[in-house]
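What follows is one structure encoded as structure tokens, with my remarks underneath.
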Amino acid sequence: MSEVAGRMATQQGAKYLEKSQGGSGVLLGGVPGTAPAKVTVIGGGVSGTQAALMAAGMGAQVTILDTNLERLRYLSEVMPKNVIQLHSNPSTLENTVHDADLVIGSVLIPGAKAPKLVTKAMLKNMRKGSVLVDIAIDQGGCFETSKPTTHKDPVFTKDGIVHYAVTNMPGAVPITSTVALTNATAKYTLQLANMGWKAACMANPGLALGVNMVEGKITNEAVAQAFNTNYVPLNTVLS
Ligand SMILES: NC(=O)c1ccc[n+]([C@@H]2O[C@H](COP(=O)([O-])OP(=O)(O)OC[C@H]3O[C@@H](n4cnc5c(N)ncnc54)[C@H](O)[C@@H]3O)[C@@H](O)[C@H]2O)c1
């Protein structure tokens, strides 16, 4: 689903940059003789990588920020030349957000709320009509001014900046999303159906990692920390 949301983020961002949609009126790739749009992607994981690839393919000038140097090294090897990689810190964030036409937020700290990396104060330095797409809104959002929206009413404008923060982006493209999700999950579903959840989790550590709660006990350490409650290791529940 992150792959779908990442690709959609660029598509939606391009749409809301149009003047008639409340945006500044910039075409993502520009045309010969004009400057392309500047796109900043915060978080170079699954969704951020797909967002950056789409934006680069449309001819934008893309910057992707991440705190994970290994990930940045990988991205520098596989991304096209119109994507640059930057280490994410307050200074690089401030500079790249300030100058961007489109900012896509795609950070994740597993089990925790997303950090607020773009503050309300930073919006004041952006060009009016620039667009923020907060993919991480399902984890609370990584922009201070984000609030969850729906496909029926996907955007709002705050301090002159258009915000798109739909919590279930893949829901807009159910044909693609259903096939993609089934491709990724069918083998797990079959294992659960054939073996029952306990045996399936013992046989497949990948499934065990997905178990957050069993009979009221929280079996995911990060989730337990986020809710400030007791963590019960899954193996003690399984045995
Ligand atoms: N809105 C939707 O419909 C929708 C759909 C799918 C996923 N999501 C959400 O999108 C978010 C991203 O998911 P993902 O699968 O791409 O996660 P991911 O784990 O693949 O990538 C997250 C990246 O964020 C980076 N990161 C962490 N802190 C950072 C910081 N301070 N600055 C820059 N980068 C930082 C990590 O190093 C990692 O590379 C999650 O919150 C996920 O739940 C939303």
Side-chain angles (χ1 to χ4, degrees), residues 1-13 16 39-55 62-79 83-98 100 102-119 122 131-144 146-156 163-174 176-185 206 209-210 212 220 222-223 226:
M1 290 308 92
S2 291
E3 287 176 336
V4 177
R7 290 188 173 212
M8 259 189 79
T10 302
Q11 193 171 305
Q12 296 301 310
Y16 286 106
V39 177
T40 293
V41 179
I42 309 173
V46 177
S47 57
T49 300
Q50 296 304 318
L53 268 179
M54 289 298 106
V62 185
T63 303
I64 188 160
L65 299 106
D66 205 295
T67 44
N68 180 337
L69 283 178
E70 279 310 309
R71 186 71 188 169
L72 289 174
R73 277 189 197 106
Y74 164 76
L75 291 171
S76 78
E77 282 165 17
V78 300
M79 281 288 161
V83 180
I84 63 165
Q85 294 76 35
L86 285 182
H87 185 255
S88 175
N89 59 49
S91 159
T92 52
L93 277 169
E94 179 96 42
N95 290 336
T96 53
V97 167
H98 158 70
L102 169 61
V103 180
I104 296 174
S106 47
V107 303
L108 176 67
I109 299 180
K113 274 190 155 188
K116 306 287 181 210
L117 298 174
V118 175
T119 62
M122 284 159 84
V131 176
L132 302 183
V133 176
D134 199 345
I135 305 180
I137 190 67
D138 61 333
Q139 303 296 320
C142 58
F143 308 142
E144 189 182 0
S146 288
K147 59 175 196 275
T149 61
T150 63
H151 289 298
K152 275 212 174 103
D153 193 10
V155 291
F156 62 92
H163 292 58
Y164 175 102
V166 174
T167 47
N168 178 8
M169 295 173 71
V173 287
T176 304
S177 298
T178 302
V179 176
L181 192 61
T182 308
N183 288 344
T185 57
L209 279 174
N212 283 357
N220 179 307
V223 173

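Position 1 is the first residue of the sequence; numbering continues from there. Start at 1 and go down the list; that is how both ligands and their atoms are numbered.
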Could you tell me which atoms of ligand 1, counted from 1 in the order shown, lie closer than 4.0 angstrom to a heavy atom of Ser88?
-> 30 (C), 32 (N), 33 (C)
Within a distance under 4.0 Å of any heavy atom of Gly43, pick out the atoms of ligand 1 and give their elements.
-> 24 (O), 33 (C), 34 (N)
Do ligand 1 and Arg71 have nitrogen or oxygen atoms that lie under 3.5 Å from each other?
-> no
Atoms in ligand 1 flagged as close to Gln139, the criterion being non-hydrogen separation under 4.0 Å | 41 (O), 43 (O)
Does even one non-hydrogen atom of Pro170 get within less than 4.0 Å of ligand 1?
-> yes
Could you go step by step and tell me if Asn89 and Thr92 meet the side chain to side chain donor-acceptor pair (under 3.5 Å) rule?
-> CA-CA 6 Å; Asn89 59 49; Thr92 52; 3.2 Å; yes
Do any N or O atoms from the side chain of Thr40 and from the backbone of Thr96 form a donor-acceptor pair under 3.5 angstrom?
-> yes
Counting N and O atoms only, with roles assigned by atom type, does the side chain of Ser106 sit under 3.5 Å from a partner on the main chain of Ile135, one being a donor and the other an acceptor?
-> no
Going from CG on Asp134 to NZ on Lys147, what distance comes out if it is rounded to the nearest 0.5 angstrom?
-> 12.5 Å
Atoms of ligand 1 less than 4.0 Å from Ala136 heavy atoms?
-> 41 (O)
Contact (N/O only, under 3.5 Å) between Met1 and ligand 1 = no
Tell me which protein heavy atom sits closest to atom 38 (C) of ligand 1, plus the residue, atom name and distance to 0.1 Å.
-> Asp66 OD2, 3.5 Å
Atom 19 (O) of ligand 1: closest protein heavy atom, distance to 0.1 Å, is Leu108 CD2, 3.5 Å
Out of curiosity, Met1 CE to Thr185 OG1, how far, rounded to the nearest 0.5 Å?
-> 8.5 Å
Just heavy atoms, cut-off under 4.0 Å: does Leu117 contact ligand 1 by side chain, backbone, both, or neither?
-> side chain
Within-cut-off N or O pair, Met169 and ligand 1, under 3.5 Å = yes
Pick whichever of Ser47, Ala165, Gly48 has a heavy atom sitting closest to atom 12 (C) of ligand 1.
-> Ser47
State the CD-OG distance between Gln50 and Ser2, to the nearest 0.5 angstrom.
-> 9.5 Å
What's the spacing between Gln85 CD and Leu69 CG if we round to 0.5 Å?
-> 11.5 Å
Spacing of OG1 belonging to Thr49 relative to OH belonging to Tyr74, to within rounding of 0.5 Å | 7.0 Å
Per-atom filter on ligand 1: closer than 4.0 angstrom to a heavy atom of Asn168 are 3 (O)
What is the closest protein heavy atom to atom 21 (O) of ligand 1, and at what distance does it sit?
-> Gly45 CA, 3.2 Å
Between atom CG of Asn168 and atom OG of Ser177, what is the distance when rounded to the nearest 0.5 Å?
-> 7.5 Å
So, the side chain of Ser88 versus the backbone of Asp66: is there a donor-acceptor pair under 3.5 Å, distance only?
-> no
Minimum-distance protein heavy atom relative to atom 2 (C) of ligand 1 = Thr167 O, 3.3 Å
the protein heavy atom lying closest to atom 29 (C) of ligand 1 turns out to be Thr67 OG1, 3.6 Å
For ligand 1, is there an N or O atom under 3.5 Å from any N or O atom of Ser2?
-> yes
Does the side chain of Val83 reach to within under 4.5 Å of the side chain of Leu75, using non-hydrogen atoms?
-> no
Atoms of ligand 1 under 4.0 Å from any heavy atom of Leu65, numbered from 1 in the order shown, are 33 (C), 34 (N)
For atom 5 (C) of ligand 1, what's the nearest protein heavy atom and its distance?
-> Ala5 CB, 3.4 Å
Parallel, tilted or perpendicular for Tyr164 and Tyr16, by the 30°/60° rule?
-> tilted
Among all protein heavy atoms, pick out the one at the shortest distance from atom 11 (C) of ligand 1; state its residue, atom name and that distance to 0.1 Å.
-> Val107 O, 3.6 Å
Identify the protein heavy atom lying closest to atom 20 (O) of ligand 1, giving its residue, its atom name and the separation to 0.1 Å.
-> Val46 N, 2.9 Å
Tell me which one of Ile42, Asp138, Ile135 gets a heavy atom nearest to atom 1 (N) of ligand 1.
-> Ile135
Any side-chain heavy-atom pair of Val97 and Ile42 under 4.5 Å = yes
